[in-house]
Peer 1: 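Okay, here's the structure, questions in a sec.
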Amino acid sequence: MRDYINKHINPRVSGLTRYINNGGHELEKFTKALKKHIRGVEFGVKNGSVSKVYVYMKDNVYAMGWVAYADYRDNPEQNTLMYTVCSHAIRNGKYSSGEQMHMKMTTNFDVGIRNAKRYLRNLTTKEIALSDKDAVQSQFRKVNSSANETLENAMQNVLPRRTTSDRTNMESFMSELKHLVAIGH
């Protein structure tokens, strides 16, 4: 399992706009069939682009992946439109990096549905926690730094120091004050 999620494959649902299915195009047929096969699934797009349609569950934070009707192969001799499923759960050994590493493509509609049913799944709690840990740590560091700065300013106001070399004397003085408090003086 990876230590992070790919935000291009699994964007935040809050950043998507609802996909409106008009029923005519192959991708729209594909999403309509997926709605029947995967209970509770919703569809959204990023930046109004309908080339990739993200699949998600209503109350989830991240999308499960995306589907498309396109050719994502590298340098094909002939462009062949395919039912494409892109998910964090797919490991495509034909590619060594990028989204293609997480895609299954087929010209067969039923196989496309089967791929979607098999690979489109919600992120685990661990995957979500790992993906958000850097942001949480950053916010914690900001609050911690601010608290330390406030403490340092308060100490300087109570016991002003003349130079930075007084830091050692200040630390022994603080330790003595803590001792006096501990013994109840």
Side-chain angles (χ1 to χ4, degrees), residues 1-140:
M1 183 175 82
R2 296 176 308 162
D3 290 342
Y4 63 94
I5 64 170
N6 183 326
K7 302 282 173 106
H8 296 288
I9 298 172
N10 307 97
R12 285 189 169 271
V13 172
S14 61
L16 301 175
T17 55
R18 190 167 178 83
Y19 173 69
I20 307 299
N21 189 339
N22 296 328
H25 186 264
E26 284 299 314
L27 178 57
E28 293 171 345
K29 291 177 187 174
F30 192 44
T31 57
K32 188 175 181 181
L34 287 177
K35 192 132 177 101
K36 289 180 185 175
H37 287 280
I38 305 173
R39 185 177 51 193
V41 77
E42 301 286 333
F43 301 100
V45 294
K46 275 171 67 174
N47 305 323
S49 172
V50 294
S51 59
K52 296 177 182 176
V53 177
Y54 292 88
V55 183
Y56 64 92
M57 296 289 185
K58 184 179 179 185
D59 293 327
N60 285 3
V61 177
Y62 291 101
M64 298 186 285
W66 56 263
V67 295
Y69 186 67
D71 192 346
Y72 286 96
R73 297 176 296 169
D74 281 339
N75 305 317
E77 290 179 16
Q78 184 177 352
N79 194 21
T80 306
L81 298 177
M82 292 181 272
Y83 299 98
T84 305
V85 176
C86 185
S87 168
H88 65 286
I90 295 172
R91 301 289 180 261
N92 185 343
K94 294 177 186 175
Y95 298 96
S96 60
S97 65
E99 284 182 311
Q100 291 167 318
M101 206 167 87
H102 302 284
M103 288 182 196
K104 290 282 187 183
M105 297 175 265
T106 181
T107 56
N108 186 309
F109 183 83
D110 293 330
V111 173
I113 296 294
R114 192 165 50 238
N115 285 340
K117 287 169 50 176
R118 180 174 181 191
Y119 293 111
L120 289 174
R121 57 180 94 125
N122 292 315
L123 296 168
T124 64
T125 305
K126 182 177 180 180
E127 289 169 326
I128 293 171
L130 288 172
S131 74
D132 290 341
K133 79 175 174 120
D134 291 339
V136 170
Q137 286 175 336
S138 173
Q139 290 299 319
F140 176 78

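Computed from heavy atoms alone, side chains included, the values below leave out hydrogens, waters and symmetry copies.
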Peer 1: Once you round to the nearest 0.5 Å, how far does CE of Met103 lie from CE of Met101?
Peer 2: 11.5 Å
Peer 1: Of the non-hydrogen atoms in Leu16 and Tyr56, which two are nearest, and what is the gap between them?
Peer 2: CD1-CD2, 3.9 Å
Peer 1: Per the salt bridge (charged side-chain N to carboxylate O under 4.0 Å, His left out) rule, what does the pair list look like for residues 47-56, sequence neighbours excluded?
Peer 2: Lys52-Glu99
Peer 1: Is a donor from one side chain sitting under 3.5 angstrom from an acceptor on the other, for Glu28 and Tyr69?
Peer 2: no
Peer 1: Rounded to the nearest 0.5 Å, what's the gap from NZ on Lys58 to CG on Asn60? Could you check?
Peer 2: 12.0 Å
Peer 1: Parallel, tilted or perpendicular: which describes the rings of Phe109 and Tyr83, with under 30° parallel and over 60° perpendicular?
Peer 2: perpendicular
Peer 1: Can you measure from OG1 (Thr107) to CE (Met105) and round to the nearest 0.5 angstrom?
Peer 2: 11.5 Å
Peer 1: Hey, which of Tyr119, Tyr72, Phe43 is the one that makes ring pair (Phe, Tyr, Trp, His ring centres under 6.0 Å) with Trp66?
Peer 2: Tyr72
Peer 1: Which heavy atom of Asn108 sits nearest a heavy atom of Thr106, and at what distance?
Peer 2: N-OG1, 3.1 Å
Peer 1: What distance separates Asn92 CG from Lys104 NZ, expressed to the nearest 0.5 Å?
Peer 2: 6.0 Å
Peer 1: For Thr31 and Val53, work out which heavy atoms get closest and say how close.
Peer 2: CG2-CG1, 4.2 Å
Peer 1: How far does CG of Leu120 sit from NE2 of His88, to the nearest 0.5 angstrom?
Peer 2: 9.0 Å
Peer 1: Please check this pair: side chain of His102 against backbone of Cys86, looking for a donor-acceptor N/O pair closer than 3.5 Å.
Peer 2: no
Peer 1: More than 12 heavy atoms of other residues, nucleotides or ligands under 6.0 Å from CG of Asp74: is that the case?
Peer 2: yes
Peer 1: Compare every heavy atom of Gly112 with every heavy atom of Val85, then report the nearest pair and how far apart it is.
Peer 2: CG2-O, 3.9 Å
Peer 1: Under a 3.5 Å distance rule, please check whether Lys7 uses its side chain to pair with a backbone N or O of Arg12 as donor and acceptor.
Peer 2: no
Peer 1: To the nearest 0.5 Å, tell me how far Lys32 NZ sits from Lys29 NZ.
Peer 2: 10.0 Å
Peer 1: Counting only heavy atoms not in Arg118, do more than 12 fall under 6.0 Å of its CZ?
Peer 2: no
Peer 1: Could you pull out the closest heavy-atom pair between Asp71 and Pro76, with the gap in Å?
Peer 2: OD2-CG, 3.8 Å
Peer 1: Can you see which heavy atom on Met64 is nearest to which on Asn122, and at what distance?
Peer 2: CG-OD1, 3.1 Å
Peer 1: Side chains of Glu42 and Met57: does their closest heavy-atom pair fall under 4.5 Å?
Peer 2: no
Peer 1: So do Ile113 and Phe30 actually touch side chain to side chain, heavy atoms under 4.5 Å?
Peer 2: yes
